[in-house]
Amino acid sequence: MPPFTQLPTFLPGLSRLPSSPLPAAATLCGLLTLCTLTVPAPSSGQDAATQTAPAPPWFTEVAAEAGLDFVHHNGMSGQSYFSEMMGPGVALVDVDDDGDLDVYLVQGNDLKPASADGGEAPLYDRLFRNDTALGADGRTRLRFVDITEDSGLRARGYGMGVATGDYDNDGRVDLYLTNFGANELWRNLGTDAQGRTRFAEVSQQAAADDRRWSVSASFADLDRDGWLDLAVANYVDFALAIHKPCRSYTGAPDYCSPLAYAPVPDRLLRNLGAGGDVGARFERAESKAGLDKTFGAGLGVLSRDFDGDGWLDLYVANDQSANQMWINRRDFTFVNGALLAGTAVNAEGRPEAGMGVAAGDVDGDGDTDLIVSHLDRETNTLYINDGGGFFEDLTQKSGMARASWDVTGFGLAWLDVDNDGDLDLAVANGAVKRLEHLVRAKDPFPLHQPNQLFENLGDGRFADISRRAGAAFALSEVSRGLAVGDVDNDGDADLLLGNNNGPVRLLLNGVGQDAPWLGLRLLTVDGRDALGARVTLERGTAPSMVRQAHSDGSYASASDPRVLFGLADSPPLSGLWVTWPDGSRERFPVPTKDRYHSLRQGTGTAMTERKS
């Protein structure tokens, strides 16, 4: 691949979609396996030109119209099994390497003790290929096609989450599925003679299995050897056979707290590199690495360089116990620095019910900040990095404390919705204890709550703009997984939401494409996504912008690893350089705006390596 290439047309004409809301499709559209959603061209004519058009909603929900025909099933049987209300995660991932994002959706299953007879036919996860294209009439058609059967990907476990990364360095993205039960590693075999993208389950051969209850996972090159390692957040020692009856404050049957069961250690799998018939194998490393010395009920996990030394660290959000920040000691051992760094507990010194976690340069100073989602009556917690790896809980000052007090957050993600250059926040909400007002209304699954969108005001404060973000944010559902990515390749961030015991939601961004932007896909020498690479975009005398390639974070979900810069009102770009996961740095020519480009390691101009 040449050093600096615009991704080959991707989907011609998609760099500028109209910002008007998408129309409702035919009533039967959502019932079809293959379905098309048409985006109309902007209206023309004298009347349209002289009238003030209403402001478009920030997001429009288009899942069914676009062909994402999927409803999650949690298998609830009236017993309030702990695991039935925790999933599902979702993924935006380019499985066929054609330049657009496909969709992977995690499914639950029937929940009955092993001795029970009967039960429903097993369900399985679904994979949808993105077939968005321009029609003969010049209109963009957002369309997804269910290719699960053709792919051979028959994941029938009780699903929790999904992580994405090319573990064998063959240039194809693989999937790691976390389950209430044995986890699964699905190797992407590429396209066969019939043009089908095929997968094979290789957990045992690659030594990547884990039979404990896992929820989130993160692919990251933790030892800088060019191969992706795998960190898995494990939850508690729960099984249907040891189910405990728990009750709400009213005395009614309810879901248990994680404190009712013992936590289990997380898993760290070190990639041993090339070899074998599955491309690469892993070895268990959590004991040697020190990760089994301190652990809690892990739900969220991600990898970032928190202390600025150029090596990727790990952060684990724990439910009802202190979080861990595992600082990389550069020899595949780690030390838990969360308490010293200020990210183990909140400003009051109390551990909270950590669900999901997201990282990004929230305040625009070039380092990595954190936010962790929690139960209602706790608030989501915002940790701001001082640049040296020490964090301050600025939740109250940010204005997000009161807005998150009455809801329980799960998936959450930083994204620049309007491409104004700073990171906004989306949060997926849904309770874990039955809500009394819904119980009184005889709701069959009384956990649903509306999701939220927060706008970054640029001065350290955030405004809850959920009410004006579109009808999608007025829905009240039991949302869990949240993934971010540019589904229609128009230069702004869209959202994919997984709902427990409900339909998937695809929220299409209707405002960001109207501002200038720059999209980058960062590739290693081997041609895989360079997860962990950091891009610094220089803007003359204005502060530089920093973004990081990643697919992990949120809750049990995987996002688009491409990097997006919103450039509204930005001064002219003056430089761009990448810090690769191995610590090397390269400069690249400033790319053309309003396009996606690929930058491959080894094809830029080498810079003096940072000391590490």
Side-chain angles (χ1 to χ4, degrees), residues 163 165 167 176 178 183 206-237 258 262-273 280-345 351-352 354 357 359 368 370 372 383 385 388-391 531-532 550 552-553 581-583 612:
Y167 83 92
Y176 188 76
T178 59
N183 296 342
D209 57 314
D210 191 339
R211 303 194 67 84
R212 296 169 298 179
W213 183 2
S214 306
V215 179
S216 296
S218 168
F219 280 105
D221 184 4
L222 298 172
D223 53 4
R224 288 185 169 189
D225 66 350
W227 297 83
L228 292 176
D229 310 299
L230 182 61
V232 183
N234 287 325
Y235 197 36
V236 297
D237 185 18
V264 293
D266 300 324
R267 177 149 293 180
L268 182 62
L269 297 172
R270 188 174 193 176
N271 196 326
L272 299 178
R281 287 173 52 83
F282 295 89
E283 68 172 359
R284 288 186 57 179
E286 61 268 16
S287 181
K288 291 181 181 178
L291 266 65
D292 61 347
K293 295 180 174 60
T294 305
F295 56 90
L299 286 178
V301 61
L302 53 72
S303 60
R304 301 290 188 277
D305 176 13
F306 297 112
D307 56 359
D309 68 348
W311 290 73
L312 290 174
D313 311 303
L314 293 169
Y315 187 85
V316 181
N318 290 317
D319 192 358
Q320 300 285 0
S321 56
N323 304 318
Q324 285 107 34
M325 178 173 281
W326 294 106
I327 301 301
N328 194 332
R329 300 171 71 178
R330 311 178 193 180
D331 58 357
F332 219 82
T333 65
F334 298 80
V335 60
N336 181 16
L339 191 60
L340 180 63
T343 60
V345 294
E352 298 173 294
V357 57
T368 300
L370 283 168
V372 181
Y383 298 105
N385 194 336
F390 297 97
F391 295 75
L531 303 180
H550 67 91
D552 60 2
D582 64 2
S612 58

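Count residues from 1 along the sequence. We use all heavy atoms of the structure for the numbers below, so side chains are in, but hydrogens, waters and symmetry mates are not.
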(message) Which residues pass the ring-ring contact (aromatic ring centres under 6.0 Å, His included) test with Y176, not counting sequence neighbours?
(response) none
(request) Could I get the full list of ring-ring contact (aromatic ring centres under 6.0 Å, His included) partners for F219, not counting sequence neighbours? (result) none
Side chain to side chain, [X] and [Y], heavy atoms closer than 4.5 Å:
X    : Y    : result
R212 : P265 : yes
V357 : L370 : yes
L314 : L268 : yes
F390 : L340 : yes

I'd like to know if the side chain of [X] and the backbone of [Y] have a donor-acceptor N/O pair within less than 3.5 Å.
X    : Y    : answer
D582 : R224 : no
D313 : F306 : yes
D266 : N234 : yes
N328 : L222 : yes

Suppose we screen for salt bridge (Lys or Arg N to Asp or Glu O under 4.0 Å). Which residues come up paired with [X], at least two apart in sequence or across chains?
X    : value
R281 : none
R329 : none
D307 : none

(message) Could you walk me through whether V316 and N323 satisfy the side-chain contact (heavy atoms from CB on, under 4.5 Å) test, starting with their C-alpha distance in whole Å, then the side-chain angles of each, then the deciding distance to 0.1 Å, before giving a yes or no?
(response) CA-CA 6 Å; V316 181; N323 304 318; over 6 Å; no
(message) Can you confirm whether the side chains of D319 and Y235 place a donor and an acceptor under 3.5 Å from each other?
(response) yes
(message) side-chain contact (heavy atoms from CB on, under 4.5 Å), that's the test. Do L230 and F282 meet it? Break it down for me.
(response) CA-CA 9 Å; L230 182 61; F282 295 89; 4.2 Å; yes
Taking side-chain contact (heavy atoms from CB on, under 4.5 Å) as the definition, give me every residue that meets it alongside [X], ordered by chain and number, with sequence neighbours left out.
X    : value
D237 : V264
N385 : D367, D369, F391
A338 : M325, N336, T343, A344

Quiz: residues 288-295 side-chain donor-acceptor pairs under 3.5 angstrom, not counting sequence neighbours:
unit_1 : atom_1 : unit_2 : atom_2 : d
D292   : OD2    : S287   : OG     : 3.4

On a heavy-atom basis, which atom in [X] and which in [Y] lie closest, and how many Å separate them?
X    : Y    : result
A280 : N271 : CB-OD1, 3.6 Å
P263 : A297 : CB-N, 3.8 Å
G296 : S321 : CA-OG, 3.5 Å

(request) Answer yes or no: are there more than 12 heavy-atom neighbours, outside L339 itself, under 6.0 Å from its atom CG? (result) no
(request) Give every residue pair that meets the salt bridge (charged side-chain N to carboxylate O under 4.0 Å, His left out) criterion with at least one member in residues 295-304, sequence neighbours excluded. (result) R304-D552
(request) Just jot down the side chain to side chain donor-acceptor pair (under 3.5 Å) partners of E286, sequence neighbours excluded, or say none. (result) R284
(request) With sequence neighbours left out, write down each residue that passes side chain to side chain donor-acceptor pair (under 3.5 Å) with Y383, or none if nothing qualifies. (result) none
(message) Run R270 and D223 through side-chain contact (heavy atoms from CB on, under 4.5 Å) and show every step you take.
(response) CA-CA 9 Å; R270 188 174 193 176; D223 53 4; 3.0 Å; yes
